[in-house]
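When reading the values below, keep in mind they use all heavy atoms of this one structure, side chains included, and skip hydrogens, waters and symmetry mates.
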Amino acid sequence: MSSSPQLPSHPPLNRKTSGRPKRYPLRILQFGGGNFLRAFVDWMVDILNEKTSFGGGVVIVKPTAAGNYQKLIAQDGLFTVLLEGIKNGEPLSETRMISCVQEIVEPANDWRGFLSLAENETLRIVISNTTESGIAFIPEKLPENQSPVHFPAKLTSWLYHRFLYFKGDPEKGCVHLPCELIENNGAALRDAILQYAALWELETAFLKWIRTANYFCSTLVDRIVSGYPDKKAVDIERELGYKDLLLVAGEYYHLWVIQGDDRILALLPFHKTGLNVTYADDLGPSRKLKVRILNGAHTLMVPLGMIVGVDTVGEAMEHPFIGPFVREALYTEIMPALGIDKKTAGNYATDVIERFRNPYLQHHLGDIALNCVKKFHVRLLPSIIDYYTLHHASPKHLVFCLACLLRLYKGTWGDRVIPLRDHPDILEEMAGLWKDGEAESVVRHVFQNSDHWQMPALKTPWLEDETMKALECLEQYGIRDGFVKFSTGRDE
């Protein structure tokens, strides 16, 4: 992942230099302060404050113990969002300083400060984005006077403190809007909280309060956020007149679909802003379309691009092998397995390809590669299974991508080291497999013995065999000729 370059001597961004004092009461508890939440949710909240009487501040909570939010703390929660794109053939660009973030809390270092936020009456909205692996029940003891490890456990502790402080008042429950890209993310978060409450033997009244006084909404989010614009940062900060270490770039397009009712409108009046926030009874079709096409294509190009040495999504789409590979996978394997109106899926896929080719975004494949094993399960594996069920044939592009992903975890390609970003247990397991064995033993272990990959070997033995063939072709012929050999059986 690229780091921020040394920039000219502009004044640092903070409340004093910007003249933006803290002025909003806290209304949103936000787990995560990464690029996406800042350029999507916080950007929306900032507009909500501008266009309505919402007047809400955000407190950002660090969901993990690793790393820190020192840049965000140093800038007093301020940062700039840069939106760029093309409309009617003309380039568009705009910046907005986001000032809705009022506080930053790191529970690992300030557990009491984190819990005390539960005593705030106005703090009624909980938003999170902790990656696909963030919402899960992983048993752990309730520690005394310190933070639990996992995000849902932290939230359970916070809600329990709120329940006790307000004596179970049903009016003090919260609306939860998880943005993690998993199916039924609202229900999944609620269930994880209830499981922790049961494990910790918290009183029955608290479990009832969670079920009846809290409102868990499943959501779907869509905006490509590329992160810090390394190559343009000097020019942008010269125009802004200040140094922003958290400058974050994204596209104009945005969509937030919330499965909910009028309780959301009362708390978050996005309908008064013109923002693309919609409400639906069923997120299924929209989620399937977005996850399998946009997110699926992103995950598809990661192992290909990192093996070839391509750095960004835009470069991948212009690459003579990867660009056509992604398009063919979308139109011939992912879309036919969707079970969604062909015209609707085709229009969305066309729009996605154009969004990928946005020349102003520097969306690094290394950022998309974070927790890629989990992402593969959510974004691509369902398309593989559905395609085979429908056609009784192997989706060659998607299977070859799986082989490339397995090969990626060897950590090198030729003389080049491949940077890997995944759960430490997965990295350790895969490093050991590649060190001690060859392609065949790696595939056999992943399909039959790995707790992390959880491949459906028993139900789909063809996939194990096909992945073996694809990996052997990749190792023997390289990525381009290897795909030709695997998909046609012919040498190029």
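- Residues E180 and T130 have side chains that bring a donor and an acceptor to within less than 3.5 angstrom of each other.
- Salt bridge R444/E464: present, at least one basic N to carboxylate O contact under 4.0 Å.
- Proximity of a side-chain donor or acceptor of T52 to a complementary backbone N or O of N49 within less than 3.5 Å is not detected.
- N185 CG to T219 OG1: the interatomic distance, rounded to the nearest 0.5 Å, is 4.5 Å.
- At a threshold of 4.5 Å between non-hydrogen side-chain atoms, the residues F216 and I210 count as touching.
- Residue-environment remark: CG (D451) stays at or below the threshold of 12 foreign heavy atoms within 6.0 Å.
- Defined by atom type and a distance below 3.5 Å, a donor-acceptor pair is missing between the side-chain atoms of N68 and K62.
- In this structure the side chain of L361 never reaches within 4.5 angstrom of the side chain of V313, judged on heavy atoms.
- A side-chain N or O of Q30 and one of D42 form a donor-acceptor pair less than 3.5 Å apart.
- The side-chain heavy atoms of V59 and I28, taken from C-beta on, include no pair separated by under 4.5 Å.
- The number of heavy-atom neighbours closer than 6.0 Å to CD of E428, taken from other residues, nucleotides and ligands shown, is 12 or below.
- Salt-bridge check for D46 with K51: failed, with every basic side-chain N at 4.0 Å or more from each acidic carboxylate O.
- Below 30°, between 30° and 60°, or above 60°: for H392 and Y388 the angle between ring planes is above 60°, a perpendicular geometry.
- The aromatic ring centres of F356 and H363 sit 6.0 Å or more apart.
- Using a 4.0 Å cut-off between charged side-chain N and carboxylate O, R421 and D367 make a salt bridge.
- Side chains of Y253 and D351: a donor-acceptor N/O pair is absent below 3.5 angstrom, by distance only.
- Using cut-offs of 30° and 60° for the angle between ring planes, the H377 and W453 rings count as tilted.
- Put simply, the side chain of R223 gets close to the backbone of Y252: a donor and an acceptor are under 3.5 Å apart.
- Here the side chain of W200 pairs a donor or acceptor atom with the backbone of E140 at under 3.5 angstrom.
- For D281, the CG atom counts as loosely surrounded, since its 6.0 Å shell holds 12 or fewer non-hydrogen atoms of other residues, nucleotides or ligands.
- Side-chain polar atoms of E333 and S383 form no donor-acceptor pair below 3.5 angstrom.
- I264 contributes atom CD1, which lies 3.5 Å from atom SG of C217 (distance to the nearest 0.5 angstrom).
- A salt bridge does not link K71 to D244: none of the charged side-chain nitrogens sits closer than 4.0 Å to a carboxylate oxygen.
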Can N295 and K290 be said to form a side-chain hydrogen bond (donor to acceptor under 3.5 Å, both in side chains), step by step?
CA-CA 7 Å; N295 300 109; K290 190 258 181 178; 3.0 Å; yes

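- In terms of modelled atom types and a separation under 3.5 Å, the side chain of E119 and the main chain of Y165 share no donor-acceptor contact.
- Side-chain atoms of N371 do not come within 3.5 Å of backbone N or O of K374 as any donor-acceptor pair.
- Salt-bridge formation is detected for the pair E121/K172: a Lys NZ or Arg NE/NH1/NH2 atom is positioned less than 4.0 Å from an Asp or Glu carboxylate oxygen.
- F400 places none of its side-chain heavy atoms less than 4.5 Å from the side chain of T467.
- A salt bridge links E466 with K396: the distance from a Lys NZ or Arg NE/NH1/NH2 to an Asp or Glu carboxylate oxygen falls below 4.0 Å.
- At least one donor-acceptor pair under 3.5 Å links the side chain of R27 to the backbone N or O of G55.
- At a threshold of 4.5 Å between non-hydrogen side-chain atoms, the residues W209 and R162 count as touching.
- Taking the six-membered ring for Trp and thresholds of 30 and 60 degrees, F40 and F36 have nearly parallel ring planes, at less than 30 degrees apart.
- Under the 3.5 Å distance criterion, the side-chain polar atoms of H364 are left unmatched by any main-chain donor or acceptor of G366.
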Using side-chain hydrogen bond (donor to acceptor under 3.5 Å, both in side chains), reason through K154 and T156 one step at a time and then give a plain yes or no.
CA-CA 5 Å; K154 290 181 175 70; T156 304; over 6 Å; no

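- Side-chain contact between V101 and L78: absent, with no pair of heavy atoms (C-beta onward) separated by less than 4.5 Å.
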Decide side-chain hydrogen bond (donor to acceptor under 3.5 Å, both in side chains) for N214 and H176; before the verdict, give the C-alpha distance in whole Å, the side-chain angles of both, and the deciding distance to 0.1 Å.
CA-CA 8 Å; N214 287 263; H176 302 262; 3.1 Å; yes

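- Taking CG of L289 as the start and CD1 of I340 as the end, the distance is 5.0 Å to the nearest 0.5 Å.
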